[in-house]
There are 8 protein chains.
Amino acid sequence: MKPKVVIVMGSDSDLPVMEEAAKGLSEFGVPCRITIASAHRSPELVDELVRDAEKNGAEVIIAGAGAAAHLAGVIASKTILPVIGVPLEGSPLKGFDALFSTVQMPPGVPVATMAVGKAGARNAAVLAVQILARKEKPLQGLLRSYKKKLALDVMKKARRL
Amino acid sequence: MKPKVVIVMGSDSDLPVMEEAAKGLSEFGVPCRITIASAHRSPELVDELVRDAEKNGAEVIIAGAGAAAHLAGVIASKTILPVIGVPLEGSPLKGFDALFSTVQMPPGVPVATMAVGKAGARNAAVLAVQILARKEKPLQGLLRSYKKKLALDVMKKARRL
Amino acid sequence: MKPKVVIVMGSDSDLPVMEEAAKGLSEFGVPCRITIASAHRSPELVDELVRDAEKNGAEVIIAGAGAAAHLAGVIASKTILPVIGVPLEGSPLKGFDALFSTVQMPPGVPVATMAVGKAGARNAAVLAVQILARKEKPLQGLLRSYKKKLALDVMKKARRL
Amino acid sequence: MKPKVVIVMGSDSDLPVMEEAAKGLSEFGVPCRITIASAHRSPELVDELVRDAEKNGAEVIIAGAGAAAHLAGVIASKTILPVIGVPLEGSPLKGFDALFSTVQMPPGVPVATMAVGKAGARNAAVLAVQILARKEKPLQGLLRSYKKKLALDVMKKARRL
Amino acid sequence: MKPKVVIVMGSDSDLPVMEEAAKGLSEFGVPCRITIASAHRSPELVDELVRDAEKNGAEVIIAGAGAAAHLAGVIASKTILPVIGVPLEGSPLKGFDALFSTVQMPPGVPVATMAVGKAGARNAAVLAVQILARKEKPLQGLLRSYKKKLALDVMKKARRL
Amino acid sequence: MKPKVVIVMGSDSDLPVMEEAAKGLSEFGVPCRITIASAHRSPELVDELVRDAEKNGAEVIIAGAGAAAHLAGVIASKTILPVIGVPLEGSPLKGFDALFSTVQMPPGVPVATMAVGKAGARNAAVLAVQILARKEKPLQGLLRSYKKKLALDVMKKARRL
Amino acid sequence: MKPKVVIVMGSDSDLPVMEEAAKGLSEFGVPCRITIASAHRSPELVDELVRDAEKNGAEVIIAGAGAAAHLAGVIASKTILPVIGVPLEGSPLKGFDALFSTVQMPPGVPVATMAVGKAGARNAAVLAVQILARKEKPLQGLLRSYKKKLALDVMKKARRL
Amino acid sequence: MKPKVVIVMGSDSDLPVMEEAAKGLSEFGVPCRITIASAHRSPELVDELVRDAEKNGAEVIIAGAGAAAHLAGVIASKTILPVIGVPLEGSPLKGFDALFSTVQMPPGVPVATMAVGKAGARNAAVLAVQILARKEKPLQGLLRSYKKKLALDVMKKARRL
């Protein structure tokens, strides 16, 4: 099945965090592709990846990167698809650098920025599904169930206390 | 025309910044509604607003707030629509507080966070259009033109230098 | 005995820190209830919890949460009881996010914010007792003894040096 | 009438901000005293003020200070009354210094910390009323009205938009 | 004369700061070109600019940008010329965002980062001359004179005091 | 021998860091006393300690504390002796809180602030010796030797590389 | 009269702030010299200044600088006199840069760091007097009077309220 | 062979990070010397090192230091060679102190600042090679190959995923 969402990360060391996004999408049955491309070390690969994503009908791109995290911004500069950015820890500056680099985009070129780290990777998947659900009605039902399950899980834990 | 995007802000003093979002949407011909509701001072109004938005077929909600900026997060907790958060300056902590309060959402409840202030308000509109464009093809063309215009404007300024 | 203080936390992973608040209250013989409710994942549970707390005669609510820590603020928006907020570590941003999200409340809706982490959880209990002591005289004596004990403990340690 | 709440600030230059607390209390008909005492420049005055406050039956102390804002903490070390701290801007470090100095209290000695600046001064008054309302029932009614008025004001502004 | 140094900035509003770099270079008689290109709004213009710079024999590229300041990093990803980055103020986050976005480059793709703002723009020129001076001996003499002048200026001011 | 320098710390858990100050002083043969007193938990002990220090002829007081580190400031408010402050890590805010709380003293009441943690504790000793050396000439010689030894140690390590 | 305290600043633009230190010293009748020397632009002038200060019997050096504020540290590396550092605002990073650059000295080379800006300049004078007072008894009396005056001024303002 | 690049670090504990710079240079066949000199503990050694570097024909100096990282700035004040600064972690303030101390240089005295830690050390080598390559053509080829290898490595990892 053609991937609806493309997940890119700046380095293979980001995989343990970013596969949370892939896991999230698969829970909703949304086909995705996960790959590596660095805005700084392989800019042409990034261009190619964006062209391929658009050509193959991807609807959303998720980009995770750390430090001077330019990956999401560079992708957003080359596509009209919604781009979701996940700032990653991993530099000595604790993710503050990645957060500011991802979120502070100039007027005209948004990056939908998520929380730093694993919570952000998970939420990138949920936001992608929320976007896809705008035209795929069945996903709306799944999102409603997911929301209920979140609440139920909290209640179960509350009861267990 | 029914609003496709609902723009909420925490206080009327946020209007000069948040109307940039409304302006952005109107440039793409996307009908929107702009209103005020405070997560802390009028929580029931927020509930109502979310219910209305869903009932009236809104597709995206944009929420701008400053300081302990909970508005976007509270809305996101109550809807499966994509929620875009715009952190606003205005407290002595210079928007660092609003940014962290908006972006650091827990797993399962994303807020698509934009840059602090006016750039973010503008980008909230662009992201909303990118999301709507997933099912409304004509918007894709407009986004492509917008992207070209952004580039052309830079080139013109470069030439004028 | 009916709980005079309700302690809520956003997630069961916060228990090791937040039970310090329960421990503190029990040292003063103040009955409390400790539970879980997430502002983002289970907003209705939060509503219910606030209603129950008010109905059952609770006098103070303590809320601990990390990251975009909205729990205390959301509770404060729904009650006239004093709400004490404990910002928790646990996100990559080291508690700076939870602190700003908890303390920077807008005019009209205060959250009595404590230190980040375990010191804050302990102090939430002490502040709750200070508040209760305004109408329960015996607690004033206990607080005075507690204060003396704090001083004595320091002196003992000083002597042992 | 004997003041129920004592408001202290570190310097007379803090008055334009801290009188927001006095204004807030007077809206609820709560008698208060507003004065100046510096933890660093007049430590004995602070001691005296705390003793007087306790002797005269004050129930809450509000302390506002900037920079290395020790005033609230020093007061909290000397009383079992609830102490509310308002961090103030005014140093080049923009209130980050005052916030950290006020909120990061060690276990056993809480300071109920409010937002930096005017919003915090207003909220100190509201929290003080919430505390007093625990034993003075009529204040509970006033707080409920105040909460409704906050919501109504938002609604009015929303309608006017 | 062919420009030895190309100065790029993300927006024409950066001109008042970045012309300090041009002024600095002209004081050393180094021909430069100053232009505008945005990493996010005109990525192709950036590509072109880098290709032109290399083709025309430029030896150093200076890039100034604010907020999520990716311009220097994007240029560095496409050239083996030394790239000097000047983080600019102008977003609500006071230049902290531009600094982290410019300096925290991943291994293999350096950006020689200068101070935030005008001091940085001036220093970008001086560093460029220091680099050029490695092969153009006369510039070494000029740099030595410049250094002496800096010291003399301080001494004069000291005497005038 | 009567202590010339009194070292105080807010808690016995600070001992591993603060004994570096005692060690430093003993290397210069300066008699010191090391003790515990908390500005917040044992304010009277702090008063007593300051009175004793002055009465017994101490010349310098060193105070180490973490979080809302008021110890040095409180001591400085009660004495005309030079007070050296050592901000300590140990709260989740990584020492930023202790640094701001220690250094940002208001006009008239200085605290000579050192680096956060062990480096600061060591330097508190060296600064104390520098102050004492103003009237005890032999210490000047020792300080000169110490300075030479610092340089020699670096040179030895450089040679060993 | 020979200056007992030498005040240095990195630039003449720092004069409005640093003359607060000179004013403070003159209030205590302590002769001082105020001059300019830049650690970065006139390193030899700094060397000379330190040698002169030592030769002429200065007892304390006060150094004020902004941004990457190395002046105090560089002076401390060359003398055994106590060095007091005043971090100054003036760069876009609001004095956070100057504070960290001044205070975070490595073991063996202390800089007695004051608050950022004017409060720090005033306190540098007071600390210098406290140091001189160790061997000049009359200064001790003046410091006690000064302390009383600080307290009286607060009391007067409190009364006027 | 005479070293073209001199690498200095403030302490031998910085070696595990700074040898990344030496490794990087050796991959390009650029002879370098790695040594230790502290701006604060051995200022004369720093002077000597700079004089030697210039006399022996070094073309670039790389300086790595932590905390109040003055090493690169002090070197830059004494030479017209390009100076590359690597801010190092290691103090409790997580490298924010070293970054600000290194990058915020005043007009006229640039330090080419790299990322904090190991990434920065590696990039210091690459920037040094980029500078040398301006007059040594063969290095340009090596840099192009290096750039290709960076891209290839990413592609290989992408394929392996």
Side-chain angles (χ1 to χ4, degrees), chain A residues 4 20 24 54 59-60 76-85 87 95-96 99-100 102-136 139-147 149-151 153-154, chain B residues 4 20 24 54 59-60 76-85 87 95-96 99-100 102-136 139-147 149-151 153-154:
Chain A
K4 293 243 167 95
E20 187 73 20
E54 293 203 330
E59 307 260 4
V60 177
S77 78
K78 296 173 195 285
T79 184
I80 61 160
L81 294 177
V83 176
I84 303 174
F96 288 96
L99 173 55
F100 295 171
T102 303
V103 79
Q104 287 292 88
M105 293 292 290
V109 193
V111 165
T113 304
M114 302 288 105
V116 180
K118 215 162 195 169
R122 156 65 52 163
N123 276 345
V126 178
L127 179 62
V129 176
Q130 289 176 336
I131 293 171
L132 293 170
R134 291 300 86 218
K135 67 176 185 191
E136 303 181 38
L139 286 177
Q140 297 185 11
L142 292 182
L143 280 167
R144 277 202 196 89
S145 310
Y146 179 70
K147 228 173 175 53
K149 201 181 156 310
L150 287 177
D153 283 356
V154 173
Chain B
K4 291 247 168 92
E20 187 73 20
E54 293 204 330
E59 307 260 2
V60 176
S77 76
K78 295 172 195 289
T79 184
I80 61 160
L81 294 177
V83 177
I84 304 175
F96 288 97
L99 172 55
F100 295 171
T102 303
V103 80
Q104 287 293 87
M105 293 292 291
V109 193
V111 166
T113 304
M114 301 288 103
V116 180
K118 215 160 194 170
R122 158 65 50 165
N123 276 346
V126 179
L127 178 61
V129 176
Q130 289 176 337
I131 292 171
L132 293 169
R134 291 301 86 219
K135 65 178 184 192
E136 303 182 37
L139 287 177
Q140 298 185 11
L142 293 181
L143 281 167
R144 278 202 195 87
S145 310
Y146 179 71
K147 228 174 174 52
K149 201 182 156 311
L150 286 177
D153 282 357
V154 174

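Please read these numbers as outputs of a predicted model, since none were measured by experiment.
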(request) Show your working on side chain to side chain contact (heavy atoms under 4.5 Å, CB included) between A:Q104 and B:V116 and close with a plain yes or no. (result) CA-CA 7 Å; A:Q104 287 292 88; B:V116 180; 3.8 Å; yes
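Of the possible donor and acceptor atoms, one in the side chain of A:K135 sits under 3.5 Å from a partner among the backbone N and O of B:R134.
The contact between B:A76 and chain A is made entirely by backbone atoms, counting heavy-atom distances below 4.5 Å. Neither the backbone nor the side chain of A:T102 has a heavy atom closer than 4.5 Å to any heavy atom of chain B. Only the side chain of A:L99 comes within less than 4.5 Å of a heavy atom of chain B; its backbone N, CA, C and O stay farther away. Interface residue A:P82: backbone and side-chain heavy atoms are both found under 4.5 Å from chain B.
When all heavy atoms of B:L150 and A:P107 are compared, the closest pair comes out as CD2-O, 4.4 Å.
The candidate with the highest count of non-hydrogen atom pairs below 4.5 Å against chain B, out of A:V103, A:L143, A:L132, A:L81, is A:V103. With chain A as partner, the option from B:Q140, B:K118, B:M114, B:E136 having the largest number of non-hydrogen pairs under 4.5 angstrom is B:M114. Of the residues considered (B:K149, B:R122, B:E59), B:E59 shows the highest number of contacts with chain A, using heavy-atom pairs under 4.5 Å. Put simply, of A:P110, A:S77, A:P106, the one with the most heavy-atom pairs under 4.5 Å next to chain B is A:P110. Comparing A:R144, A:E20, A:K147, A:M105 by heavy-atom pairs within less than 4.5 Å of chain B, the highest count is held by A:K147. Contact count versus chain A (heavy atoms, under 4.5 Å) is highest, among B:A125, B:G24, B:A112, for B:A112. Contact count versus chain B (heavy atoms, under 4.5 Å) is highest, among A:V111, A:V109, A:V129, A:I84, for A:V109.
Expressed to the nearest 0.5 Å, how far CG of B:L127 lies from CD1 of A:I131 amounts to 6.0 Å. Interatomic distance, B:Q130 CD to A:T79 OG1, rounded to the nearest 0.5 Å: 7.5 Å.
Atom NZ of B:K4 has 12 or fewer neighbouring heavy atoms from other residues, nucleotides or ligands inside a 6.0 Å radius.
Relative orientation of the B:F96 and A:F100 rings is tilted, given thresholds of 30° and 60° on the angle between their planes.
A 4.5 Å side-chain heavy-atom check between A:Y146 and B:I80 finds every atom pair outside the cut-off.
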